[in-house]
Structures are given as C-alpha cells and as structure tokens.
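Down below is the structure, laid out as structure tokens.
For ligands, and for the atoms within them, numbers begin at 1 and follow the listed sequence.
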Amino acid sequence: MPPEPQRTADFATRLLAWFELHGRKTLPWQHPRSAYRVWLSEIMLQQTQVATVIPYFQRFLQRFPDVCSLAEAPVDDVLALWAGLGYYARARNLHRCAQRVMAEHGGEFPQDPAQLEELPGIGRSTAGAILAQAYGLRHAILDGNVKRLLARHGAVAGWPGAPAVQKQLWTQAEARLPTTRLADYTQALMDLGASVCTPRQPSCLDCPVAGDCIAYRQGRIAEFPAAKPKRLRPHRRATVLFVRDANGALLFERRPPSGIWGGLWAPPIAQEGEDWHTLLTQRYGLDCVVEGQQPALLHRFTHFDLELHPLQLRVDRASGVHDCGAVAWITLGARAALPGMPTPILRLLSADAPEQRSLTLT
Ligand code: ADE
C-alpha cells in the first residue's frame, strides 16, 4: 500500500533538511550540472564507488568535454580511458549512446523518460537520476541503496530483484517525490542510503526518516531487504596463453565484442575443456611449446568466478599468424600503446615481469 500523502510530504521535507547538513554538495558532476556530466557520472557510478569514479570522471571530461567529442572519438580511446573501471559494456554503451544523442536528439539528452530509456545503457533509474538531477524534473530513482532504504522504510517484503517487489518499490519511490528541489532530493536519497541506511549496522539514530520507518519501529531492520534466493555461484576455469615469439614479443588479440572483456586486448584464452594447442594451431598457425606456468588468479565477475591459469608458451614453429585483423605482437616497453586490457591480465603480466610494467606494440 502506498504511504499516505501526509507522510510522504514529510518524508521529502525531512530528507531535504538532512541533506542541507549532511548531503554531498561538492561532487564534480554537480558543478556545473549538465545532462552530459550527470549522465556520464551515473553510468560510471552504476557499479562503482564514488571515490573510484572521481578521477576517471575528471580524466574523461578532459579528453571528452562534451557529448559531441565523445561521439566522434574512436571507441578504443573510450575503452582506454575506461580501463580499470570494469564492466566494459558500459563504456561501449556510453559511446553508442553519445552517437545516438548526436544523431537523433541534436546533441541534447531528451527530457522525455521514454526517449531517454531507449538509449543504450540507460535504464529507468538512470533515466530518473538524469531527469531529476540535470533537469529538475519529478522522476524517481531506484538504485541498490534506494531499494534498501525504501524496503526498510515501507517494510516491503521480498527480494528487490524480483519484478513484483521492484514494482512496489517504484510505487513507493514515486509516492515520496517532492514537488521542488528534485536534484537535491535525489542526491539526498543516494547519500542517506550510502552513509546512514547502510546494508549492515545502519545508523538509525541519525536517520531523519526513522520516525516512520516501519522496519525500524518494528525492530526488524535486519529483515529488509530480503536476501536473494540462494543459487550456487558458477565457477569457471580458463587458461591464459602467454605466447612469445623468438624476439620475446607477446601475442595479443582483440576479444570479440560480446562476452567477457568484449573489445579489449588480451592474450588468447582457452576455455575450460578447450585444448590450447589446437586453438593456437587452428586460429593462428602457431605450434608452441610450454615454457612455464604461474600461479592461478581468481577473478570475480558479477555472476561467476573465473580462475585464470597463465601458461607461458614459446613459438616453436609458425606457419604465419593468420590475419584475423585483430592480432598484435607486443614487446616489453610501452604497454600504453594497447587501448585497454582487462585488469586481471595486467595483474598477470606484472606478476610475470614485475620490473617491466610496460609493453610496446610492434
Ligand atoms: N550513485 C549514483 N549516482 C550517485 C551520486 N550522484 N552520488 C553518489 N552516489 C551515486
């Protein structure tokens, strides 16, 4: 059941008063506040903490000061500036989105939620955040922090990832919207979720809306939001093939656009059950011998764990690398020449040669 109007007006008023004292008001995307800057920050913040995002945001803006410069840049430049932030589909969507804003909206982010949500990488909550923060429009957000806050405040049962629960949370989020100061209100919700209504040991005594928080009043904070129904986390293994030629150059390939690390540069990777020797001979015409093995590295993706087993290989006989248009041999010297490598690969490379942190494209 949606909260009564009296209580909802109250909720926003108390939140805004709290924001005056405790909210974040000096984030780089707040000054100046444009749709481009808000959009960029929201995409970067989708899976990443504010402190991590800030230097990326600033570097990005220096290189791409507006949507036009981003749209016109090669996607490799975008990926290179994104390297280290993870979830690279975000960077490719960012680039595609910029191109569509230029082509279809004259370089201005639309103010219509349906049009905004139609753009790559922009879901309902991100659209709400852009509309409220950049244009001051009356739209709700529902990111992870806000789901938790509203699930507690309204005692919304069930796992927030379930569509029916999500629907109730959206209703709650919309019912609480104020009629003015939408940008501050939106930031206040995010900040309260991040600093007070935290996942573990929330500081309810400091919370401006604890007075009518149902979970708090009933002493049931720990019950909300309900946990995701348990499912075993898949665990995969793969072998990273560090293939060196006679000059010590390493073989890199550009990964296909979809799948893990799509579009980034990495050594060939043999999936579990895939024979690395066959892979190298069939794909590259390379006959290789094993030179050594390093310890495995465990990398956690959102939906599975990946155990990466590095294998050091030397080319014994080459019938010529087949030209796949996406292959490079690089030698130690200036790794910056490769536009974006997955972080675990960089870690394996520095574990392999800690004193040589850079490689050159040959
Ligand atoms: N997460 C998404 N947007 C944010 C913002 N503006 N401030 C803090 N965290 C956020």
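Contacts between Leu27 and ligand 1, counted as non-hydrogen atom pairs separated by less than 4.0 Å, involve the side chain only. Counting heavy atoms closer than 4.0 Å to ligand 1, residue Asn145 contributes nothing at all.
Heavy atoms of Arg24 approach ligand 1 to within less than 4.0 angstrom. For the ligand labelled ligand 1, residue Gln46 lies outside the 4.0 Å heavy-atom shell.
Looking at ligand 1, you won't find any N or O of Asp191 less than 3.5 Å from one of its N or O atoms. When only interatomic distances are considered, the shortest N/O to N/O separation between Asp143 and ligand 1 does not fall below 3.5 Å.
Glu307 and His235 share a side-chain donor-acceptor pair at under 3.5 Å.
Protein heavy atom in closest approach to atom 9 (N) of ligand 1: Val50 CG2, 3.6 Å. The nearest protein atom to atom 6 (N) of ligand 1, hydrogens excluded, is given as Gln187 OE1, 2.9 Å; this is a heavy-atom distance.
Other residues, nucleotides and ligands contribute over 12 non-hydrogen atoms within 6.0 Å of the CD atom of Glu20. Within a 6.0 Å sphere centred on CZ of Arg233, heavy atoms belonging to other residues, nucleotides or ligands number more than 12. More than 12 heavy atoms of other residues, nucleotides or ligands shown are found within 6.0 angstrom of NE2 on His31. Atom CZ of Arg24 has more than 12 neighbouring heavy atoms from other residues, nucleotides or ligands inside a 6.0 Å radius.
The cationic atom of Arg152 (NZ for Lys, CZ for Arg) does not lie both less than 6.0 Å from the six-membered ring centre of Phe224 and within 45° of the ring axis.
Every atom of ligand 1 is numbered from 1 in the order shown, and the set under 4.0 Å from a heavy atom of Leu45 is 1 (N), 2 (C), 3 (N), 4 (C), 5 (C), 10 (C). Within ligand 1, the atoms closer than 4.0 Å to a non-hydrogen atom of Glu42 are 2 (C), 3 (N), 4 (C), 6 (N), numbered from 1 in the order shown.
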